[in-house]
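Sequence lines set the chain letters: A, B, ... in the order given, protein chains first and strands last, and positions in each chain run from 1.
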Amino acid sequence: MDFETRQSGGTLQIDVLASRIDAACAIQFKDRMRELCAGGPARVILNLQRVDFLDSSGLGAVVAAMKYLGCDRSMELAGLTPKVRKVFRLTRMDSVFTIHASVEEAFGNGSSVA
Amino acid sequence: MCKQGAAGTTEYDRRTRASCRAYPYTCTSGDTVSGRPGKLADARAFREGKAPIRERITCTPQEVRHATIRMIQVLASYGLSVEDCVRAEVVLAEVMNNVTEHAFRCRLPGFLSVSILRDGRSLCVTVEDNGAPMPGNCLPQGHPQDLTVDLGDLPEGGFGWYLIRELTEDLCYQRRNEVNLLTFRLTTAEEW
């Protein structure tokens, strides 16, 4: 499962390059996110722009990644595609995460979001 | 009490059996065929409700992924709208993943088969597997999760049945001859 990361100031941007976060890769996703986030900046933006599909296992893995960061750091989401957005909306998880339309917007609004 | 377990008593059940009688029973414990792509009905026969789309896979997350993609590609090519394909993809993946994770937890390899038959504005879906029965022979309720909790207590699972129940109609589970039989309808939002 491939990711790309870049760090800018106090923000770590993680681009998920896989097209699906599902039961077949949820554990791997969780493990890799822990590695990528370890010791990094307080603010993490998870860019899901290339993720076409996310199932409940994938959703759980994203939640687990946010919980791993704890209360002193934050994880925000960006670039949700239609199917991914639908799963977040149906499960009401869109109320738990800060969600940006795009990474650009996330950086543009960086100072104003929690 | 388990309403879903009341097999053979509802109008839906009778209609489902009538409209889905094209489904042969294919998933037996002695079967050794594994992981091949399902035989796909041609578009016209499917659209007329005369032939189902079928998949039959070994129960692994990878096979579930590939079968989900294949079925959605076929449904899209048969004219199902993008919005309806999204709902179908979420439900089919959740249902098959549930079988893979729970019905075959202690017994591998398992097999499952999926049939999708058009019935007017609905997709009539039947999922069969020869794994362990649902606990209490009853479908999980799938309540919405409580999200008004501390960060550390946020749920990381338990979304699957909620999604399935939100997106389907006439969900029905039966345990019959050592086989789990799940039927439901996906009512399409758009004419097609």
Side-chain angles (χ1 to χ4, degrees), chain A residues 1 18-31 33-34 37 42-44 46 51-77 80-99 114, chain B residues 57-69 71-73 76 81-102 104-105 140 142-168 189:
Chain A
M1 190 169 198
S19 61
R20 299 173 85 85
I21 308 175
D22 59 14
C25 68
I27 292 173
Q28 197 188 1
F29 176 88
K30 263 194 283 196
D31 292 346
M33 283 294 290
R34 278 179 183 240
C37 292
R43 185 183 185 216
V44 175
L46 184 65
V51 179
D52 171 64
F53 181 78
L54 169 136
D55 67 9
S56 64
S57 303
L59 178 66
V62 174
V63 174
M66 182 172 73
K67 287 164 72 171
Y68 170 73
L69 290 178
C71 294
D72 298 331
R73 301 171 70 189
S74 70
M75 193 172 85
E76 300 163 28
L77 308 178
L80 273 58
T81 56
K83 292 176 201 171
V84 175
R85 200 181 315 126
K86 188 171 185 81
V87 171
F88 271 86
R89 187 170 53 75
L90 282 168
T91 56
R92 296 178 297 119
M93 272 295 171
D94 56 354
S95 67
V96 171
F97 288 87
T98 300
I99 299 175
Chain B
I57 62 169
T58 49
C59 289
T60 68
Q62 286 77 16
E63 282 292 317
V64 168
R65 175 192 282 184
H66 295 140
T68 305
I69 293 170
M71 285 189 282
I72 296 305
Q73 282 174 342
S81 72
V82 173
E83 177 65 22
D84 289 323
C85 280
V86 170
R87 295 170 64 234
E89 185 164 3
V90 171
V91 169
L92 291 170
E94 294 299 339
V95 165
M96 289 192 288
N97 276 329
N98 182 69
V99 171
T100 300
E101 287 170 23
H102 299 292
F104 295 103
R105 184 174 285 169
H143 292 300
Q145 300 272 20
D146 181 10
L147 304 180
T148 60
V149 294
D150 291 339
L151 175 70
D153 295 326
L154 278 174
E156 296 175 31
F159 306 108
W161 280 107
Y162 177 71
L163 286 169
I164 293 165
R165 287 186 180 279
E166 280 292 297
L167 297 173
T168 64

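Of the residues considered (A26(A), C25(A), G60(A)), G60(A) shows the highest number of contacts with chain B, using heavy-atom pairs under 4.5 Å. Note on V86(B), L151(B), D153(B): by heavy-atom pairs under 4.5 Å with chain A, the leading option is L151(B). Highest contact tally toward chain A, considering only E89(B), R87(B), E101(B), is held by E89(B) [criterion: heavy-atom pairs under 4.5 Å].
Atom OG of S57(A) sits about 11.5 Å away from atom CD of E156(B), to the nearest 0.5 Å. Note: F159(B) CZ to L59(A) CG = 4.5 Å, rounded to the nearest 0.5 Å. Atom OH of Y162(B) sits about 7.0 Å away from atom CG of L90(A), to the nearest 0.5 Å. Going from atom CD1 of I164(B) over to atom OG of S56(A) covers 8.0 Å, rounded to the nearest 0.5 Å. For the atom pair I69(B) CD1 and S19(A) OG, the distance stands at 6.5 Å (nearest 0.5 Å). Residue M93(A) holds its CE atom at 4.5 Å from CG of L147(B), rounded to the nearest 0.5 Å.
Proximity of V90(B) to D55(A): side-chain heavy atoms (C-beta onward) are nowhere separated by under 4.5 Å. E94(B) has its side chain out of reach of V87(A): every pair of non-hydrogen atoms, C-beta onward, lies at least 4.5 Å apart.
Between P155(B) and V63(A) the shortest heavy-atom distance is O-CG1, 3.5 Å. Heavy-atom minimum distance, R65(B) versus A24(A): NH2-CB, 3.7 Å.
T148(B) does not touch chain A: none of its heavy atoms, backbone or side chain, sits under 4.5 Å away. Residue Y68(A) does not touch chain B at all, counting heavy-atom pairs closer than 4.5 Å.
Around CZ of R92(A), the count of heavy atoms belonging to other residues, nucleotides or ligands within 6.0 Å exceeds 12.
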Query - Residues L154(B), M66(A); criterion side-chain contact (heavy atoms from CB on, under 4.5 Å); working and verdict - result: CA-CA 10 Å; L154(B) 278 174; M66(A) 182 172 73; 3.5 Å; yes
Query - Derivation of the side-chain contact (heavy atoms from CB on, under 4.5 Å) call for Q145(B) and V96(A) - result: CA-CA 12 Å; Q145(B) 300 272 20; V96(A) 171; over 6 Å; no
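Salt bridge K86(A)/E83(B): present, at least one basic N to carboxylate O contact under 4.0 Å.
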